[in-house]
Novice: 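Sharing a structure here in C-alpha cells format.
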Amino acid sequence: MQFYANTLQQTAIISVILPEPRSSDQVSLTATEWPYMILLHGLGMNQSDIIRKTSIERYATATQMAIILPSLGRSCYLDSPSFPAWQFLTTELMPRVTATFKLSTNLADCFIAGISMGGYGALRWGLIEPKRFRGIGVISGAVNYFNW
C-alpha cells in the first residue's frame, strides 16, 4: 500500500498481510474484523525484509492476525524536523490502514512489536499509550537508544 502521508509530506509505503481465512464465514473481508499487530522494522531494514526473510505470512494465518508493516527508514521512530516519523506512526498510520482494511478496534485484538530499532519504537509507543495495545513485543530491542 502506498499513499501520500500528510505528516511526512511524501509517499508512505506500508505492507499489510491479511491471514488466509480458516472458515468459509471469514472469506469476505467485510465480514471479519481482523485482530492485528503493527510490526516495526529495525535499522537498515524495511518492511519487505521482514516479509522476505521470515515466515510472517504463515504466522499471520496461524494466528488469524493481520500484520501491519510500515517502512520508516532509519528514523528510530522519532520525529526530526524533516521527517516526523513518530507523528505519522501515532496519528496517521492506523486511521489510513483501518479505512482500507477491516481491522478490529477492540483493545484485546491490538498488538505492537518491533525488531531492534523497531523494538525501541514499539516499546515507546506501547508505554506512552498503554490503553491502545494489549501487548508489546520487543525482539532484540535497541531500548537504550540515547546511548548508541
Side-chain angles (χ1 to χ4, degrees), residues 1-19 26 29-148:
M1 174 179 177
Q2 295 184 7
F3 61 90
Y4 183 78
N6 294 318
T7 52
L8 299 176
Q9 298 291 297
Q10 67 183 47
T11 300
I13 299 171
I14 294 161
S15 293
V16 177
I17 300 170
L18 296 176
Q26 289 183 308
L29 292 180
T30 58
T32 302
E33 287 191 345
W34 295 109
Y36 68 87
M37 177 174 52
I38 302 167
L39 183 55
L40 306 178
H41 64 78
L43 189 69
M45 298 174 72
N46 63 34
Q47 87 292 354
S48 69
D49 290 316
I50 295 171
I51 295 168
R52 289 183 296 111
K53 297 176 182 177
T54 71
S55 298
I56 194 71
E57 293 159 322
R58 184 169 41 109
Y59 299 140
T61 295
T63 61
Q64 291 294 281
M65 182 177 289
I67 311 294
I68 315 302
L69 297 146
S71 186
L72 289 168
R74 301 172 67 86
S75 67
C76 294
Y77 303 98
L78 298 170
D79 286 341
S80 71
S82 62
F83 195 74
W86 179 255
Q87 183 181 352
F88 167 76
L89 189 65
T90 59
T91 64
E92 189 172 0
L93 172 69
M94 290 316 296
R96 287 286 191 138
V97 174
T98 54
T100 307
F101 303 98
K102 189 79 170 172
L103 302 178
S104 177
T105 56
N106 184 346
L107 171 66
D109 294 334
C110 307
F111 299 85
I112 180 81
I115 303 165
S116 188
M117 172 189 80
Y120 169 77
L123 187 62
R124 183 172 189 248
W125 194 2
L127 292 176
I128 288 173
E129 296 186 57
K131 294 186 179 181
R132 184 172 187 145
F133 303 105
R134 178 178 176 190
I136 304 168
V138 179
I139 305 161
S140 298
V143 295
N144 197 2
Y145 169 76
F146 292 102
N147 285 333
W148 281 0

Novice: For the CD atom of Gln87 and the CG atom of Leu8, what is their distance to the nearest 0.5 Å?
Specialist: 8.5 Å

Novice: Rounded to the nearest 0.5 Å, how far does CD of Gln2 lie from CD of Gln10?
Specialist: 11.5 Å

Novice: Return the CD to OG1 distance between Glu33 and Thr105, rounded to the nearest 0.5 Å.
Specialist: 5.5 Å

Novice: Any side-chain donor paired with an acceptor under 3.5 Å for Thr7 and Glu92?
Specialist: yes

Novice: Taking the side chain as everything from C-beta on, heavy atoms only, tell me whether Met1 gets closer than 4.5 Å to Thr100.
Specialist: yes

Novice: Any sub-3.5 Å donor-acceptor pair from Ser75's side-chain atoms to Leu72's backbone N or O?
Specialist: yes

Novice: Quick one: pull up CG in Leu18 and CD in Gln64 and give me the separation to the nearest 0.5 Å.
Specialist: 10.5 Å

Novice: Just checking, any donor-acceptor pair under 3.5 angstrom between side chains of Asn46 and Ser48?
Specialist: yes

Novice: For a quick check under 3.5 Å, do Ser71 and Gln47 share a side-chain donor-acceptor pair by atom type?
Specialist: yes

Novice: Main chain of Gly126, side chain of Glu129: is a donor-acceptor contact present, judged purely on distance under 3.5 Å?
Specialist: no

Novice: With distance as the sole test, does Ser80 use its side chain to make a donor-acceptor pair with the main-chain N or O of Phe83 at under 3.5 Å?
Specialist: yes

Novice: Look up atom CD1 in Ile68 and atom CH2 in Trp34, then write down how far apart they are to the nearest 0.5 Å.
Specialist: 12.0 Å

Novice: Just so I know, are the side chains of Met65 and Tyr59 near enough to count as touching, which here means a heavy-atom distance under 4.5 Å?
Specialist: no

Novice: Tell me, do Cys110 and Arg134 make a side-chain contact under 4.5 Å, heavy atoms counted?
Specialist: no

Novice: At their closest point, which heavy atom of Pro19 faces which heavy atom of Ala60, and how far apart are they?
Specialist: CB-O, 3.2 Å

Novice: Within the 4.5 Å heavy-atom criterion, are Ile139 and Ser116 side-chain neighbours or not?
Specialist: no

Novice: List the atom of Ile56, the atom of Ile50, and the distance in Å for their closest heavy-atom pair.
Specialist: CG2-O, 4.0 Å

Novice: Which heavy atom of Asp49 sits nearest a heavy atom of Gly44, and at what distance?
Specialist: OD2-O, 4.2 Å

Novice: With a 4.5 Å heavy-atom cut-off, do Ile14 and Leu93 have their side chains touching?
Specialist: yes

Novice: Might you point out which heavy atoms bring Pro70 and Ile38 nearest each other, and give the distance in Å?
Specialist: CD-CG2, 4.2 Å

Novice: For Arg132 and Trp125, run side chain to side chain contact (heavy atoms under 4.5 Å, CB included): C-alpha distance rounded to whole Å, both residues' side-chain angles, the deciding distance at 0.1 Å, then the answer.
Specialist: CA-CA 9 Å; Arg132 184 172 187 145; Trp125 194 2; 3.6 Å; yes

Novice: Within a strict 4.5 Å, meaning less than it, do heavy atoms of the Leu40 and Tyr77 side chains meet?
Specialist: yes

Novice: Quick one: does Ile112's side chain get under 4.5 Å of Met37's, heavy atoms only?
Specialist: no

Novice: For the residue pair Ile67 and Val16, establish whether any side-chain heavy-atom pair is separated by less than 4.5 Å.
Specialist: no

Novice: Can you give me the closest heavy-atom contact between Phe88 and Ala12, atom names plus distance?
Specialist: CZ-CB, 3.8 Å

Novice: One pair to check against side chain to side chain contact (heavy atoms under 4.5 Å, CB included): Leu69 and Ile17. What are the steps and the verdict?
Specialist: CA-CA 8 Å; Leu69 297 146; Ile17 300 170; 3.7 Å; yes

Novice: Would Met117 and Cys76 count as a side chain to side chain contact (heavy atoms under 4.5 Å, CB included) if you check the C-alpha gap in whole Å, the side-chain angles of each, and the deciding distance to 0.1 Å?
Specialist: CA-CA 6 Å; Met117 172 189 80; Cys76 294; 3.8 Å; yes

Novice: How close do Ala122 and Gly137 get, counting heavy atoms only, and between which atoms?
Specialist: CB-O, 4.0 Å

Novice: How long is the straight-line distance from CG of Leu127 back to CZ of Phe133, given to the nearest 0.5 Å?
Specialist: 11.0 Å

Novice: Looking only at atom types and distance, does a side-chain atom of Asp109 sit under 3.5 Å from a main-chain N or O of Tyr36, one as donor and one as acceptor?
Specialist: no

Novice: After noting the C-alpha distance and the side-chain angles of Phe3 and Thr11, does the key distance pass the side chain to side chain contact (heavy atoms under 4.5 Å, CB included) rule?
Specialist: CA-CA 5 Å; Phe3 61 90; Thr11 300; over 6 Å; no

